Amino acid sequence: MKLLLKDILYKVGIEAVKGSTDISVNKIEFDSRKVQDNDVFVAIRGTVSNGHDFIERAISLGAVVVVCDTLPETISQGITYIQVKDTNSALAFMASNYFDNPSTKLRLVGVTGTNGKTTIASLLYQLYKKAGYKVGLLSTVKIMVDTLEYPATHTTPDSLTINYYLNEMIEVGCEYCFMEVSSHGIHQKRTEGLHFEGGVFTNLSHDHLDYHPTFAEYRDVKKSFFDHLPKTAFALTNVDDKNGVVMLQNTAARKLTYALKSYADYKAQILENQLSGLLLKINDNEVWVKLIGTFNAYNLLAIYGTAVELGMDSLEALRLLSELESVSGRFQFIVSKDKITAIVDYAHTPDALENVLKTINDIRTNNEQLIAVVGCGGDRDKSKRPIMANIASQSSDKVIFTSDNPRTENPATIIAEMEAGVEPQNYKKTLSMADRKQAIKTACQLANANDIILIAGKGHETYQEVNGIKHPFDDMETVKELLEQLNK
């Protein structure tokens, strides 16, 4: 697909041009290794490497246009240089223009917050599929172009990937797309140039402080997503979260709220909370749903509010809510032959872990043990490790600290940092073993009939990352296999 460079540069904040923009180009790349003849190379300043260091390599591979924030000392003949203020922002607008602004041709809704993004986006996709629409999904778990599934590498992909898949969605006739919007994605301008029909805020808690220097910056980055919504969009926020109202402070979008405890446009009350599901009263109508726990009541309320704001009949939205199935790795559970319940959940923040444990404790009778298997990821925010260990040891009968995705860190070091958060009265409840499979096996061996095992941290992931290598590992498959072996 060849386009004129000047058309791709529409809305890009250009500071200087050397060469002609009235030339046709092949494609846009920000990875110099992928550059081919007649391509545009965008030099991105990343957290690991700086694309400006690879300009000469990109030209040697055939780039005819270089987009950069600082012009190189050596200017090559026959190459067009576009100097911009921010190459991340430029890439976002260029990607959108290159694919003919696909986000304007469907109804795109972004979901942001610490917890619940994947569940809300995935269940909105599921709900609209059940309603008979062609739908797209951009999530942590997977990318869906209606019925075609693609692997996801980031919560919010890079701008080129986003617009590529949005364009694919248009090609197959999708009318809606639901998208997770991460703080990294917002901060790195990956969502600029996209037209959103709506934005949803879930909650804000301790996360990504390895990337954002302060919690205030983390909050403000989330808020900036709502600041940029157009007045034609809706902004739906959870006002039970103290940061919920903050998200709406400067938005031009239509302001809407949801809550379980506060006055809101979309209000729910939990009438029954069981392992088989929830009975909810949503805006004066009762509905039985298959999902479990207070956190899912919030998720379902956000889904309901979004569907209604997108024009769906409220009773039809409730009917479809009742049919929704849980998302992979989000409070996903099995019951073994000897009635041991194993729950796998992605909870990898203090808030998420507390929510999951509270949900289990609210449902159980206390005649059974709750055994938690918990780890923390390597090369990520270290300050949450002792907090998560403290929460797990307070809210469980037994806890096994183990390895999550250690990445380049020593699992024993991560576990030691977790153990430091355990209060003395809870020491006897805890065990530590770095081998995750052995930790899950030990939990299964400790469990008796009717006991509950929670395996937290990895959820839907089908690998364990150690020193840059992803080894196959699936919590749900592992616990199923181990419980079956014990039943023999």
Side-chain angles (χ1 to χ4, degrees), residues 106-131 133 135 137 139 175-181 196-204 222-223 225-226 229-249 251-271 278-291 293-324 327 330:
L106 44 61
R107 306 182 78 183
L108 177 64
V109 174
V111 185
T112 196
T114 305
N115 301 311
K117 296 187 297 294
T118 302
T119 297
I120 291 170
S122 300
L123 291 182
L124 276 164
Y125 167 85
Q126 197 184 121
L127 185 143
Y128 274 82
K129 284 300 295 172
K130 287 178 182 293
Y133 294 97
V135 195
L137 172 69
S139 81
E175 295 177 61
Y176 297 88
C177 176
F178 301 103
M179 173 180 176
E180 287 187 55
V181 178
F196 285 93
E197 181 107 358
V200 179
F201 171 73
T202 62
N203 50 63
L204 209 63
K222 294 282 190 190
K223 178 181 173 292
F225 171 68
F226 294 92
L229 288 177
K231 62 183 179 182
T232 53
F234 67 85
L236 177 62
T237 190
N238 171 9
V239 285
D240 282 347
D241 186 285
K242 63 184 178 183
N243 292 289
V245 176
V246 175
M247 298 297 139
L248 302 183
Q249 281 176 352
T251 188
R254 193 166 73 257
K255 299 176 181 181
L256 295 148
T257 57
Y258 68 97
L260 296 184
K261 302 170 189 171
S262 317
Y263 176 79
D265 298 296
Y266 295 99
K267 185 87 188 324
Q269 183 183 355
I270 298 174
L271 303 178
L278 288 167
L279 180 61
L280 298 175
K281 189 176 185 181
I282 299 179
N283 286 10
D284 298 325
N285 288 297
E286 290 186 12
V287 61
W288 176 263
V289 294
K290 299 173 189 175
L291 279 75
T294 303
F295 63 96
N296 270 325
Y298 280 107
N299 293 337
L300 290 160
L301 199 48
I303 292 160
Y304 173 77
T306 299
V308 173
E309 291 306 319
L310 288 173
M312 186 177 286
D313 175 77
S314 58
L315 291 177
E316 174 68 357
L318 284 174
R319 184 186 70 78
L320 292 167
L321 275 189
S322 70
E323 296 181 8
L324 298 177
V327 178
R330 267 64 178 178

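As the structure is a prediction and not an experimental result, all values here were calculated from the model.
Residues meeting the side chain to side chain donor-acceptor pair (under 3.5 Å) test with S139, sequence neighbours left out: none. Shown here are the side chain to side chain donor-acceptor pair (under 3.5 Å) partners of E309, two or more places apart in sequence or in another chain: R254, Y266. Residues satisfying the salt bridge (charged side-chain N to carboxylate O under 4.0 Å, His left out) test with K281, not counting sequence neighbours, are none. Here K130 pairs with nothing under the side chain to side chain donor-acceptor pair (under 3.5 Å) rule; sequence neighbours left out. Under the salt bridge (charged side-chain N to carboxylate O under 4.0 Å, His left out) criterion, R319 pairs with E316, E323, sequence neighbours left out. Applying the side chain to side chain contact (heavy atoms under 4.5 Å, CB included) test to A264 and every residue at least two apart in sequence or in another chain returns V239, T257, A259. For F196, the ring pair (Phe, Tyr, Trp, His ring centres under 6.0 Å) test picks out F225, with sequence neighbours left out. With sequence neighbours left out, A235 forms a side chain to side chain contact (heavy atoms under 4.5 Å, CB included) with F226, L229, L248, T251, A253. The side chain to side chain contact (heavy atoms under 4.5 Å, CB included) test applied to T202 returns V111, I120, Y258, not counting sequence neighbours. Evaluation of the side chain to side chain contact (heavy atoms under 4.5 Å, CB included) rule for S314 yields Y304, V308 as partners, not counting sequence neighbours.
Of the inter-residue distances, the one linking F201 atom CZ with T112 atom OG1 reads 8.0 Å to the nearest 0.5 angstrom. Going from atom CG of L301 over to atom CD of Q269 covers 12.0 Å, rounded to the nearest 0.5 Å. Taken to the nearest 0.5 Å, the CG atom of L124 stands 8.0 Å off from the CG atom of L310. The structure places CG of L123 at 12.0 Å from CG of L320, a figure rounded to the nearest 0.5 Å. The distance from atom CG of L291 to atom OG of S322, rounded to the nearest 0.5 Å, is 11.5 Å. With rounding to the nearest 0.5 angstrom, the CG atom of L204 is 7.0 Å from the NZ atom of K222.
Residues V181 and K117 fail the side-chain proximity criterion, which asks for heavy atoms closer than 4.5 Å. Contact annotation: the side chain of L280 never approaches that of L271 to less than 4.5 Å [non-hydrogen atoms, C-beta and beyond].
L260 and A297 make their closest contact through CD1-CB, 4.0 Å (heavy atoms, listed as atom of the first residue, atom of the second, distance). The two residues V200 and A302 make their nearest non-hydrogen contact at CG1-CB, 4.0 Å. Shortest non-hydrogen contact noted between G198 and A233 is N-CB, 4.1 Å. What you find for I270 and L278 is that their closest heavy atoms are CG2-CD2, 4.0 Å.
Among residue pairs with one or both ends in residues 255-269, none qualify as salt bridge (Lys or Arg N to Asp or Glu O under 4.0 Å); sequence neighbours excluded. Sorted by first then second residue, the side chain to side chain donor-acceptor pair (under 3.5 Å) pairs that include residues 230-246, not counting sequence neighbours, are D240-S262, D240-Y298.
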Exercise. List the steps and the verdict of side chain to side chain contact (heavy atoms under 4.5 Å, CB included) for I282 and L321.
Key: CA-CA 11 Å; I282 299 179; L321 275 189; 3.9 Å; yes
Quiz item: Could you walk me through whether V289 and V287 pass the side chain to side chain contact (heavy atoms under 4.5 Å, CB included) check?
Solution: CA-CA 6 Å; V289 294; V287 61; 4.2 Å; yes
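Classified by interplanar angle (parallel below 30°, tilted 30° to 60°, perpendicular above 60°), the ring pair F178/Y128 is tilted.
No donor-acceptor pair closer than 3.5 Å links the side chain of K129 to the backbone N or O of Y125.
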